[in-house]
Every structure is written in structure tokens, then in C-alpha cells.
Amino acid sequence: MPRDRFRLPGPTIDDLVAYFWEKYNPGCTFFKDCLVELRDQNASKDFITFFEELLPYIQTLKSIKLYSEFIFSKLVSELQMEARFSLDSILSLIAALSEDLREEFVLFLPRVVNSLLILLNNGGLKNAETIEQIFTSWSKIIENLRSFLARDIQSVLRYTLELRYYPSDIINEKISNSMSCVLDRARPRQLEKGMKMILSEVAEQPERAARAGFLYYDMFVRLQRS
């Protein structure tokens, strides 16, 4: 009998932790803590200006949610290979923002993917350190959002389409590994939908088969165990 038949809808452990954190630490946010820490480590004029521009909007979680579009747009505008030495800081801030916004951050995910693709296409793929920075941030984002993404596997597959079929083995491996984090939370019905969607993607473009193999197999194994 499918394991999800008796799984009642309700808050996850992650949801409860976020709720109590916000309730008892109203002035504390992951984003603000990360930004202040980076400010202490970075004395460059450009970063100080960046810090001062954001500071008025991040004093509370409520403020961060209210100005999330402005904050996110400001962050992704800084993701440029020309500013390679600040990439790690900006990517860390994006991950911290996802930890504060949680489900509300899901709407930003396609734009995150697009920004990462631009970085890779503009020279990031040739730099091992940049690849590591990109996927350290990406893995943290997926970890923060996995409870929400697992509810709709088809959407997360759609958001990550270009990354999943990126013409690089190392990128394919890293994106597949991060997707496994989402699959851990997915119910059998969602896994089935995901498998059908991947088969449809490969049928549409057969050259995708090799890059789809790992993730499809992972879904299949998890479904067999359920």
C-alpha cells in the first residue's frame, strides 16, 4: 500500500523551526546576519556601498519579505564574471535570502537558474572555483526549499531544464545531486509525474538521454522503495 496514503498534510519540521525562529527572534534574519558578516570581511568601497544600499531594507524579516523583489534584483544584478572576486559573497547572500523567504523564494528560482546559466556561459564553466561557488549556493537554496519543491516535481524540473541538460558532465552531476535532495521529500505520485516528464523531455530531444539517465534512475529507485 502506498506510503503516502496515511501521510496527513501539515507543517514539516522545517516549517516549525522557521515559525518559532521568526516568532522569538523577530529582529534576526539569516540575510542580515550574512550581510553583516560579509561586511566585516570585505573593506572594498564597492561592497560598502552595496551594504549601505541594502541595510535599510533588511532590518526585520517582515521588511525583507516586503522588499524581497528589490533585494533579489539587486543581488542578481551583481552576479557578473567581471566581478569574479565578489561572486562568492553574492551567491552566499542569495542562499541566505532563500532561507528567510522559504516558500516565497520559489518564485525567484527560475531567475536564479537564468543568472547561473549566464555566469557559466560567460566564463564560469572554465573556472573550477566559480563552479564550486555556484553549486555551494545552489545546494543551500535547494536544501532550504526542498519541502516546497517536493510538492510539485514537475515545476522544479521545468525550472531547472537548461541546467539539467547543460553540455557539461560536471554541471550535470552537480545539478542531479542537488535534485536528489528534493526527491527525498517527494511522494510516489510526484516521483511518477517526474519520471513521465523526463521521458517526455528525452522523447522530444533524444540527445538528452545520457544526461537524463542519473536523475531518472534515482526517481525509479525511490519509487520502487516506496
Side-chain angles (χ1 to χ4, degrees), residues 1-19 91 94-95 98-99 101-117 120 125 128 131-226:
M1 189 171 290
R3 66 179 180 184
D4 62 328
R5 183 166 296 179
F6 297 102
R7 186 185 297 178
L8 298 176
T12 65
I13 297 288
D14 292 340
D15 295 328
L16 294 173
V17 169
Y19 169 77
L91 288 165
I94 291 174
S98 74
E99 196 161 5
L101 296 182
R102 294 173 59 74
E103 188 169 12
E104 295 175 39
F105 191 88
V106 173
L107 294 175
F108 292 131
L109 204 60
R111 290 161 65 186
V112 173
V113 171
N114 185 61
S115 295
L116 299 185
L117 287 168
L120 291 170
L125 186 61
I131 292 174
E132 192 61 32
Q133 291 170 352
I134 285 174
F135 282 96
T136 295
S137 174
W138 174 258
S139 296
K140 290 177 181 176
I141 292 170
I142 294 301
E143 174 69 24
N144 294 333
L145 305 183
R146 63 176 180 168
S147 294
F148 313 109
L149 298 176
R151 299 171 188 170
D152 188 356
I153 292 295
Q154 289 178 310
S155 288
V156 72
L157 288 175
R158 189 160 49 249
Y159 297 155
T160 58
L161 179 70
E162 291 188 65
L163 268 180
R164 288 187 293 109
Y165 293 114
Y166 197 85
S168 164
D169 290 343
I170 188 170
I171 303 303
N172 186 239
E173 179 182 351
K174 286 182 177 294
I175 191 69
S176 294
N177 287 342
S178 69
M179 287 295 295
S180 292
C181 182
V182 178
L183 301 182
D184 278 335
R185 295 291 180 90
R187 298 181 180 186
R189 185 176 180 183
Q190 287 297 319
L191 292 174
E192 290 176 359
K193 289 181 178 180
M195 291 170 66
K196 290 178 180 178
M197 188 166 180
I198 290 177
L199 287 175
S200 177
E201 292 169 354
V202 173
E204 185 178 318
Q205 296 187 35
E207 64 273 16
R208 291 172 168 172
R211 302 197 182 281
F214 179 85
L215 190 58
Y216 183 87
Y217 177 77
D218 199 2
M219 285 185 178
F220 179 79
V221 170
R222 291 172 193 274
L223 188 58
Q224 292 298 105
R225 291 174 179 170
S226 63

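None of these values were measured; they are calculated from a predicted model.
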note = Residues pairing under side chain to side chain donor-acceptor pair (under 3.5 Å) where one sits in residues 205-215, two or more places apart or in two chains, turn out to be Asp169-Arg211
key: From CZ (Arg189) to CG (Leu223), nearest 0.5 Å   = 13.0 Å
inquiry  = Distance check, rounded to the nearest 0.5 Å: Lys193 atom NZ versus Leu191 atom CG?
reply    = 11.5 Å
Do [X] and [Y] touch side chain to side chain, with heavy atoms closer than 4.5 Å?
{"X": "Leu183", "Y": "Ile153", "result": "yes"}
{"X": "Phe105", "Y": "Ile94", "result": "yes"}
{"X": "Phe135", "Y": "Leu116", "result": "no"}

task = Carefully, step by step, assess Ile134 and Ile171 under the rule side chain to side chain contact (heavy atoms under 4.5 Å, CB included).
result = CA-CA 10 Å; Ile134 285 174; Ile171 303 303; over 6 Å; no
task = Using salt bridge (Lys or Arg N to Asp or Glu O under 4.0 Å) as the criterion, list what pairs up with Glu103, not counting sequence neighbours.
result = Arg151
note = Taken in chain and number order and not counting sequence neighbours, the residues that satisfy salt bridge (Lys or Arg N to Asp or Glu O under 4.0 Å) with Lys174 are Glu132
Please report, to 0.1 Å, the donor-acceptor pairs under 3.5 Å made by any side chain of residues 155-163, with sequence neighbours excluded.
unit_1	atom_1	unit_2	atom_2	d
Ser155	OG	Asp152	OD1	3.4
Ser155	OG	Asp152	OD2	2.5
Ser155	OG	Arg158	NH2	3.1
Thr160	OG1	Val156	O	2.8
Thr160	OG1	Leu157	O	3.4
Thr160	OG1	Arg164	NE	3.1

Of all heavy-atom pairs between [X] and [Y], which one has the smallest distance, and what is that distance?
{"X": "Ala186", "Y": "Ala150", "value": "N-CB, 3.8 Å"}
{"X": "Val106", "Y": "Pro110", "value": "O-CD, 3.7 Å"}
{"X": "Ile131", "Y": "Leu125", "value": "CD1-O, 3.4 Å"}
{"X": "Leu145", "Y": "Ser98", "value": "CD2-O, 4.1 Å"}

Look at the side chain of [X] and the backbone N and O of [Y], then say whether any donor-acceptor pair between them is shorter than 3.5 Å.
{"X": "Asn144", "Y": "Lys140", "result": "yes"}
{"X": "Thr136", "Y": "Gln133", "result": "no"}
{"X": "Ser200", "Y": "Lys196", "result": "no"}

inquiry  = Once side-chain contact (heavy atoms from CB on, under 4.5 Å) is applied, do any residues pair with Glu204, and if so which ones, sequence neighbours excluded?
reply    = none
inquiry  = Run the side chain to side chain contact (heavy atoms under 4.5 Å, CB included) test on Asn172 and Tyr165 for me, step by step, so that the C-alpha distance in whole Å, both residues' side-chain angles and the decisive distance to 0.1 Å come before the verdict.
reply    = CA-CA 7 Å; Asn172 186 239; Tyr165 293 114; 5.7 Å; no
ask   = Passes side chain to side chain contact (heavy atoms under 4.5 Å, CB included), Ile175 versus Tyr166? Steps please.
value = CA-CA 10 Å; Ile175 191 69; Tyr166 197 85; over 6 Å; no
Name each donor-acceptor pair under 3.5 Å that joins a side chain in residues 212-220 to protein atoms two or more places apart or in another chain, with its distance.
unit_1	atom_1	unit_2	atom_2	d
Asp218	OD1	Arg222	NE	2.9
Asp218	OD1	Arg222	NH2	3.4
Asp218	OD2	Ser180	OG	2.5
Asp218	OD2	Arg222	NH2	3.4

message = Run the salt bridge (charged side-chain N to carboxylate O under 4.0 Å, His left out) test on Arg102 and Glu99 for me, step by step, so that the C-alpha distance in whole Å, both residues' side-chain angles and the decisive distance to 0.1 Å come before the verdict.
response = CA-CA 5 Å; Arg102 294 173 59 74; Glu99 196 161 5; over 6 Å; no
